[in-house]
Amino acid sequence: MPELPEVETVVRQLLHCGRMLNNPITGVKIFRPQRWINYPADKIAIRLMGHVFKNITRRAKFIILSLDDEAELIIHLRMTGKLMCQATPIDDDPYIREIIYFQDGSQLLFKDTRTLGRLYFKEPGEKLPVLDRLGVEPLSFQFTREKLQALLYHCNLEMKSFLMDQSKIAGIGNIYASEILFLCQIHPQRNTRSITAEELNRLHEIIPEILNRSIKFKGTTIADFRNAENQSGEFQKYLQVYGNHGESCPICQTEIQRIVQKQRSTFFCPNCQK
DNA sequence: AATCGTTCCTGATAGC
DNA sequence: TGCTATCAGGAACGAT
């Protein structure tokens with residue numbers, strides 16, 4: 001399930017594949033556009049024709065493809081979305097939702113088994129509410145200790161829910177929320193306002209650290225995630241608690257527990273995490 | 001204003 | 001072994 005490190009991996013690979021930028025768009029096909037697009041599909045197609053992508057960036061878990069006229073095509077992979085740019089166009093995947101055709105014959109494919117992924121088109125200067133609602137980027141210089149402290153103090157949530165809330169810190173999902181709390185030795189049901197100065201320092205250090213480490217390993221693949229080169233990530237080998245309920249804690253051998261918070265699984269060590 | 005519960009979707013799998 | 005009910009979860013949305 002793509003979270004910040006997985007999305008960052010896709011963005012980097014698309015940037016470096018050499019086919020995405022300054023390559024004129026000669027066609028766009030969008031399948032089953034009813035639910036997952038914020039804009040009429042035929043208008044997007046007409047709007048993109050003849051233009052080129054100038055840059056690819058990431059905001060939280062959103063992939064932003066910037067056009068030469070400053071319009072943007074924005075993609076959220078949600079659970080099973082995959083974005084890849086192929087030089088050889090043969091592909092019979094039945095879950096292709098969108099194809100962008102380039103002049104040199106390569107294709108940008110968006111595949112999504114469960115159709116939870118989303119595509120947005122934004123004209124220059126337009127607002128996109130889903131982006132405006134996002135909180136601080138945990139890998140940016142704006143993610144300061146003071147910012148984190150203020151966020152924690154100004155809400156009243158269980159720590160797991162806090163880390164998952166995209167309007168607070170943007171980009172952390174279910175896997176990294178559990179992992180961060182384990183490494184910080186904080187119980188997932190602790191209230192945000194109960195975090196001590198020492199724990200605050202640890203959170204501020206660990207959050208960027210684990211996200212960067214996962215990026216280094218090209219993200220985590222539990223079942224579905226494939227990067228832009230259609231490969232699995234490697235970071236699942238280094239997960240400490242996620243998905244490991246019933247197994248023993250890597251630190252103290254206590255059995256790892258699974259609980260449900262906001263209808264989402266949380267994994268933690270009841271001995272290490274206080 | 002902040003937080004909570006429901007909903008979307010379909011392949012994988014737990015459990016009988 | 002084979003079937004079916006449940007689970008997986010990001011985030012918009014409406015409710016509280």
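All values derive from a computational prediction rather than experimental measurement. Note on naming: letters A, B, ... go to the chains in the order of the sequence lines (proteins, then strands), and numbering restarts at 1 for each one. All heavy atoms count here, side chains included; hydrogens, waters and symmetry mates do not.
Listed pair A:Lys262 / B:dG5 fails the phosphate criterion, with no side-chain N or O lying under 4.0 Å from OP1 or OP2. In this model, the phosphate group of B:dG5 is not approached by any side-chain N or O of A:Gln263 to a distance below 4.0 Å at OP1 or OP2. Proximity of A:Lys168 to the phosphate of B:dT3: a side-chain N or O atom is located under 4.0 Å from OP1 or OP2. The phosphate of B:dC9 has neither OP1 nor OP2 within less than 4.0 Å of any side-chain N or O from A:Tyr95.
Between A:Asp112 and A:Arg97, none of the side-chain N atoms (NZ, or NE/NH1/NH2) sits under 4.0 Å from a carboxylate O, so this pair counts as no salt bridge. The pair A:Glu205-A:Arg202 meets the salt-bridge criterion, with a side-chain N (NZ, NE, NH1 or NH2) lying under 4.0 Å from an Asp/Glu carboxylate O. A salt bridge does not link A:Glu158 to A:Lys262: none of the charged nitrogens lies less than 4.0 Å from a carboxylate oxygen.
Atom P of nucleotide B:dC4 and atom NZ of A:Lys160 are separated by 13 Å, given to the nearest angstrom. Put simply, CZ on A:Arg133 is 14 Å from C1' on B:dA2, counting in whole angstrom units. Rounded to an integer number of Å, the gap from NE2 of A:His245 to C1' of B:dA14 is 10 Å. Spacing between atom CG of A:Asp165 and atom P of B:dA1 amounts to 16 Å, rounded to whole angstrom units. Rounded to whole Å, the distance from CZ on A:Arg258 to P on B:dT13 is 16 Å. Atom CE in A:Met164 sits roughly 13 Å away from atom P in B:dC4 (whole-Å rounding). A:Glu158 places its CD atom 19 Å from the P atom of B:dA2, with the value rounded to the nearest Å. Atom-to-atom, CG of A:Asp93 to P of B:dG11 comes out at 11 Å; the value is rounded to the nearest Å.
When distances are taken from the side chain of A:Arg114 to each of B:dT10, C:dA12, C:dA11, the shortest belongs to B:dT10. Distance from the side chain of A:Val130 is smallest for C:dA12 among the nucleotides C:dA12, C:dG10, B:dT10. Comparing atom distances between the A:Tyr120 side chain and each of C:dG10, C:dA12, B:dT10 picks out C:dA12 as nearest. With distances taken from any side-chain atom of A:Lys61 to the nucleotides C:dG10, B:dT3, C:dA8, the minimum falls on C:dG10. For A:Thr115, counting side-chain heavy atoms from C-beta on, the closest listed nucleotide (B:dC9, C:dA11, B:dT10) is B:dC9. Picking from B:dC9, C:dA11, B:dT3 the nucleotide with the shortest atom distance to the side chain of A:Asn156 gives B:dT3.
Under the ring pair (Phe, Tyr, Trp, His ring centres under 6.0 Å) test applied with A:Tyr242, the options A:Phe267, A:Phe235, A:Tyr176 reduce to a single match, A:Phe267.
Between A:Tyr39 and A:Phe121, the two ring planes are perpendicular [angle over 60°; tilted spans 30° to 60°].
Comparing A:Ser265 and A:His76 along DNA chain C, the residue whose closest nucleotide (by nearest heavy atom) sits nearer the 5' end is A:Ser265.
A:Leu157 comes within 4.0 angstrom of the backbone, heavy atoms only, and of no base. Here A:Tyr242 lies in heavy-atom contact (under 4.0 Å) with sugar-phosphate atoms only.
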Can A:Arg47 and A:Glu123 be said to form a salt bridge (charged side-chain N to carboxylate O under 4.0 Å, His left out), step by step? CA-CA 10 Å; A:Arg47 190 63 184 70; A:Glu123 290 287 3; 2.8 Å; yes
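No donor-acceptor contact under 3.5 Å links the side chain of A:Arg264 to the base of C:dA8.
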